[in-house]
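Some notes on the structure that comes next.
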Amino acid sequence: MPNPRSAALIAVFLVTAVFAPQDVGRAADGPDDSVEALRRQASKARSELEKATTEMEGRQKELASSQVKLRGTLKDLAGAEAELNRIRQPLARLANTSYQQSGAVGSMAIFGGGSPDSALRSTADLTLLAKSQQALVDRADELQRRRKELASTAQDLQSRNAIAQTRVQQQIDGLKDKSAQLTKQLNAMLNKLSPAKRLELGCDKKLAGDAKRFPNGLIPAKYLCPLPQKGKELRADAALAFYKLNAAYKRRFGRDMCVTDSYRSLSEQHRVYAERPGFAAVPGTSNHGKGQALDLCGGVQNSGSVQFNWMEANAKTYGWLHPAWAYSNPFEPWHWEYGTEDDQ
């Protein structure tokens, strides 16, 4: 089946980075060298972009924290000012009334007439009120000073973050532009590669380890790599080894290897077993279900043929073998597996 990873191959390399066009020229000794140079540049690009993005997100968090703190302080200040406004007017009326009373002299004039004891009590009451008022005024002054300081700090922080954010965004935009240049260069290079080489570049060997976690015949398509033969797939490590085996075979015989079967899903194993009970592996036990077995044609299926003899002489070089059981129980010259006997 077609594999979407081949279409997404470019995305593997399009991790944005600083890209120098002259590197392509230096890496033009061969397709492998060129692609490897581009791969290194792309890897460097991704690291730089991730670092720039992290820095920008950090600055955004710092600014958000500062703004939350500022809003809390301003809320407290508004409460203090409201409290001060509630008491300011009654105090002003009291002071105004006291100063307008006649018959008192000197420092007692503000309390009006009455006995000295009443005057002293009035003095104490007014002093208490004055102290309360002064405390609120002092508190308001303190909060106002804090607000000014915090507002100034926040404004400075916002200004510095805006500048830093702009610089980071400019950096990211620059990396995007250079990534577009990398994309253009890579596309041109990929267009010059053979279909087989494209398949090899799109097959990540690390997928093999993940594929082994799944039951026999239930490996998701994204963990398999397509073969040059349409509709055929194998586990990543087996596929990469097959690409090399197929290239050697093609150099010898002038054509790709003939493949009749490769990875076999569990449902496909049931179908095959139903057709050949006692000959096909019991569903869920076939090495085809592990994505590491092939059934070949084009002459290989005939024991003693030139193609079969070539496979016996060369397959092990590329990690492929004709298992011992396939020589006798039953005899299947067409069946080949990737790995060692212990892997099976």
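- Between the side chain of Gln229 and the backbone N or O of Met257 there is at least one donor-acceptor pair closer than 3.5 Å.
- Taking both residues in full, the closest heavy atoms of Tyr338 and Ala241 are given as CE1-CB, 3.3 Å, listed atom of the first, atom of the second, then distance.
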Anything under 3.5 Å between a donor and an acceptor, one on a side chain of residues 305-316, the other on a protein residue two or more places apart or in another chain? List them.
| from | atom 1 | to | atom 2 | distance (Å) |
| --- | --- | --- | --- | --- |
| Ser305 | OG | Gly299 | O | 2.5 |
| Ser305 | OG | Asn302 | O | 2.9 |
| Ser305 | OG | Phe308 | N | 3.0 |
| Asn309 | ND2 | Gly304 | O | 3.2 |
| Asn309 | ND2 | Ser305 | O | 3.3 |
| Glu312 | OE2 | Tyr327 | OH | 2.5 |
| Asn314 | ND2 | Trp310 | O | 2.8 |

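- Every side-chain hydrogen bond (donor to acceptor under 3.5 Å, both in side chains) that Ser267 has, sequence neighbours left out, goes to Ser265.
- Tyr263 places a side-chain N or O within 3.5 Å of a backbone atom of Ile219 that can act as its donor or acceptor partner.
- Contacts of Arg252 classified as side-chain hydrogen bond (donor to acceptor under 3.5 Å, both in side chains), with partners at least two apart in sequence or in another chain: none.
- A donor-acceptor pair is defined here as one N or O able to donate and one able to accept, closer than 3.5 Å; no such pair exists between the side chain of Lys205 and the backbone of Leu240.
- Taking each heavy atom of Pro283 and Tyr273 in turn, the nearest pair found is CD-CG, 3.7 Å.
- With sequence neighbours excluded, the residues satisfying side-chain hydrogen bond (donor to acceptor under 3.5 Å, both in side chains) with Asp256 are Asn246.
- Using modelled atom types, one finds a donor on one side chain and an acceptor on the other under 3.5 Å when comparing His335 with Glu337.
- Closest approach of Tyr223 and Asp210 over heavy atoms only: CE2-CB, 3.3 Å.
- Within the structure, disulfide bond (SG atoms under 2.5 Å apart) pairs that include any residue of residues 248-287 comprise Cys258-Cys297 (at least two apart or interchain).
- Here the straight-line distance linking atom CG of Leu201 with atom OH of Tyr243 works out to 10.0 Å at 0.5 Å rounding.
- Residues Phe242 and Cys225 fail the side-chain proximity criterion, which asks for heavy atoms closer than 4.5 Å.
- Of all the heavy atoms in Glu332 and Trp325, the pair that sits closest is OE1-CH2, 3.6 Å.
- Listed here is the closest heavy atom pair of Pro226 and Leu199: CG-CD2, 3.6 Å.
- Distance alone, capped at 3.5 Å, places no donor-acceptor pair between the Trp320 side chain and the Thr317 backbone.
- Among residues two or more places apart in sequence or in another chain, the side-chain contact (heavy atoms from CB on, under 4.5 Å) test is passed with Ser286 by Arg264, Gln269, Ala281, His288.
- When side chains are defined from C-beta on, Leu234 counts as touching Leu227, because their heavy atoms get closer than 4.5 Å.
- Two residues are said to be in side-chain contact when any heavy atoms from C-beta on lie closer than 4.5 Å; Val259 and Leu296 meet this criterion.
- Glu275 and Pro277 get closest at one heavy-atom pair: C-CD, 3.4 Å.
- In this structure, Asp237 CG and Lys206 NZ are separated by 14.0 Å, a value rounded to the nearest 0.5 Å.
- Side-chain atoms of Trp334 and Asp261, non-hydrogen and from C-beta on, never get closer than 4.5 Å to each other.
- When hydrophobic clusters are built by joining Ile, Leu, Val, Met, Phe, Trp and Tyr residues whose side-chain heavy atoms come closer than 4.5 Å, directly or via intermediates, Leu266 is not grouped with Phe214.
- In this structure, NZ on Lys244 lies 9.5 Å from OH on Tyr318, to the nearest 0.5 angstrom.
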